[in-house]
Amino acid sequence: MASIAFTVALCLALMNDSKPTLKTASNTFSVAHAWDMAALVLIALASYRTLPFDAINFHHWGVYVGPAQMVRQGGWLLWDVPSQYGFLNILALAWLPATTLWQSVYVLDGVLIFASTAFLFIVLRSLRTGRTNFWFALAVSSASALLLTGRAELLSGPQYFPSTGPLRFFWCYALLAVLALESWSGLGRRWRQRTIWIGHVVWLLGAWWSFESAAYCTLIWFPSLLIISRA
């Protein structure tokens with residue numbers, strides 16, 4: 001099965017890379033748009049798929065649920081409430097108006113999984129046109145963000161282990177989205193300057209998300225900002 005999957009992925013990659021980008025007729029855009037919207041709906045549904053909940057899930061979800069529950073009970077995060085994986089993410093879970101913190105993790109994790117997977121799909125989809133690129137973008141984004149993280153042999157995805165997905169690393173995706181937007185030649189100089197300020201805000205949110213996220217976002221944003229300022 002692994003050999004078949006690898007062969008199919010390799011063929012899609014080679015076909016997508018070798019096929020020249022062609023300008024499509026105006027009446028084709030609506031069809032392509034419909035296919036892309038259908039893919040985003042599929043990604044949204046897959047972001048909230050349910051998996052068997054066992055002791056392993058209980059342990060890995062608990063590192064988020066426990067601190068958030070203590071915050072809801074009046075504790076001060078990082079003072080009398082320990083947190084293994086973050087700061088702002090724990091506060092976001094505690095502030096969500098869900099009945100239980102388990103539901104908060106499920107909802108927030110699903111939103112972030114969808115956003116990161118959709119971003120990857122849109123980036124890959126924007127590079128070329130045609131059916132091959134569509135299936136290539138959908139396969140790569142789904143496999144990398146929805147299936148292979150967590151327990152790859154079970155195709156469990158980050159729902160199984162939230163700490164392997166965007167609940168921990170989302171702002172890295174967000175900064176890459178800002179850089180992709182800034183590099184788009186269709187934006188005027190004024191709007192490109194605004195994307196820099198958006199990048200600062202995203203970096204700040206990433207820095208508050210967790211100490212680990214702060215390190216990753218700093219390594220992504222400030223070297224890129226240096227290059228942008230010299231352009």
I'd like to know if [Y] and [X] are part of one continuous hydrophobic network [Ile/Leu/Val/Met/Phe/Trp/Tyr, side-chain heavy atoms within less than 4.5 Å].
{"X": "Ile122", "Y": "Trp35", "value": "yes"}
{"X": "Met37", "Y": "Ile43", "value": "yes"}
{"X": "Leu45", "Y": "Ile113", "value": "no"}
{"X": "Val81", "Y": "Leu78", "value": "yes"}

Please check: side-chain N/O of Ser141 versus main-chain N/O of Leu138, any donor-acceptor pairing under 3.5 Å?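 Yes, because the side chain of Ser141 sits within donor-acceptor range (under 3.5 Å) of the backbone of Leu138.
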
Determine yes or no for a side-chain-to-main-chain donor-acceptor pair under 3.5 angstrom, with Ser116 supplying the side chain and Phe170 the backbone. no

Can you give me the closest heavy-atom contact between [X] and [Y], atom names plus distance?
{"X": "Val105", "Y": "Tyr64", "result": "CG2-CB, 4.2 Å"}
{"X": "Glu182", "Y": "Ile228", "result": "OE2-CG2, 3.6 Å"}
{"X": "Arg72", "Y": "Ser104", "result": "NH2-OG, 3.7 Å"}
{"X": "Ser83", "Y": "Pro67", "result": "CA-CG, 4.3 Å"}

Sequence neighbours excluded, the answer for ring pair (Phe, Tyr, Trp, His ring centres under 6.0 Å) partners of His60 is Phe161

[X] versus [Y]: any side-chain heavy-atom pair under 4.5 Å?
{"X": "Pro82", "Y": "Met70", "result": "yes"}
{"X": "Ile196", "Y": "His200", "result": "yes"}
{"X": "Val201", "Y": "Trp197", "result": "no"}
{"X": "Pro158", "Y": "Leu167", "result": "no"}
{"X": "Phe121", "Y": "Ser142", "result": "no"}

Check for me whether the distance between the ring centres of Tyr48 and Tyr106 falls short of 6.0 Å. yes

Hey, do the aromatic rings of Trp209 and Phe169 have their centres closer than 6.0 Å? no

Spacing of CD belonging to Gln84 relative to CZ belonging to Arg168, to within rounding of 0.5 Å: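 Answer for the CD-CZ pair, Gln84 versus Arg168, is 8.0 Å.
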
Hey, could you give me the CD/CG distance between Gln159 and Leu147, rounded to the nearest 0.5 Å? 8.5 Å

Could you tell me which residues satisfy side chain to side chain donor-acceptor pair (under 3.5 Å) with Trp203, sequence neighbours excluded, listed by chain and number? Thr218

Sorted by chain and number, sequence neighbours left out, side chain to side chain donor-acceptor pair (under 3.5 Å) with Ser144 holds for none

Could you list the cluster mates of Phe211? Members are the ILVMFWY residues connected by side-chain heavy atoms closer than 4.5 Å, either directly or through other members. none

Steps toward side-chain contact (heavy atoms from CB on, under 4.5 Å) verdict (Leu101, Trp61): CA-CA 10 Å; Leu101 270 303; Trp61 285 46; over 6 Å; no

Please list every donor-acceptor pair under 3.5 Å in which a side-chain atom of residues 171-180 meets a protein atom from a residue at least two apart or in another chain.
none

Exercise answer: donor-acceptor pairs, residues 86-100 side-chain atoms, under 3.5 Å, sequence neighbours excluded:
from, atom 1, to, atom 2, distance (Å)
Asn89, OD1, Phe87, N, 3.1
Asn89, ND2, Tyr85, O, 3.1
Thr100, OG1, Gln103, N, 3.3

Within 6.0 Å of CZ in Phe58, more than 12 heavy atoms from elsewhere: no

